[in-house]
Amino acid sequence: MPLPAPKLGLVVHYGFVWAGLGRRRLPDAGKDRRCLIVDLDPVEEPGLAGRTVVRVTYLPISHVAPRANEQGIAIPPRVARHLD
């Protein structure tokens with residue numbers, strides 16, 4: 001099955017590796033996480049003149065509330081139920 005073209009707002013599964021103070025970086029994410037595509041940026045591929053790729057920025061979706069020094073955006077309950 002071919003992968004869909006990336007689009008803003010698309011939810012994808014990604015082997016997201018959490019990083020932060022006190023967390024050891026693992027060589028393997030171990031588990032796919034749902035992530036939301038929030039930005040698409042066409043950039044020229046280094047070393048291949050004239051070839052453009054799309055850089056995709058995505059953010060993890062979590063069921064855990066953000067910590068005091070973090071920000072989060074609540075997903076509406078109807079959307080959250082659809083993602084389960």
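Dense packing is recorded around CG of Leu83, with more than 12 heavy atoms of other residues, nucleotides or ligands lying under 6.0 Å away.
Residues Val43 make up the rest of the hydrophobic cluster containing Val53, defined by ILVMFWY side-chain heavy atoms closer than 4.5 Å, directly or through other members.
Glu44 and Gly50 get closest at one heavy-atom pair: OE2-N, 3.4 Å. Considering every non-hydrogen atom in both Cys35 and Pro60, the closest pair reads SG-CA, 3.8 Å. Residue Pro4 comes nearest to Leu10 through the heavy atom pair CG-CD2, 4.3 Å, listed as atom of the first residue, atom of the second, then distance. Nearest heavy atoms, Pro42 versus Thr52: CB-CG2, 3.9 Å.
Side-chain contact between Ile37 and Val12: present, with at least one pair of heavy atoms (C-beta onward) separated by less than 4.5 Å. Between Arg34 and His13, the closest side-chain pair of non-hydrogen atoms falls below 4.5 Å. Here the side chains of Asp39 and Val56 are not in contact, with every heavy-atom distance at 4.5 Å or above.
Atom CG of Leu36 and atom CG of Leu8 lie 8.5 Å apart (nearest 0.5 Å).
Under a hydrophobic clustering in which Ile, Leu, Val, Met, Phe, Trp and Tyr are joined whenever their side-chain heavy atoms come within less than 4.5 Å, directly or via other members, Ile73 and Tyr58 fall into different clusters.
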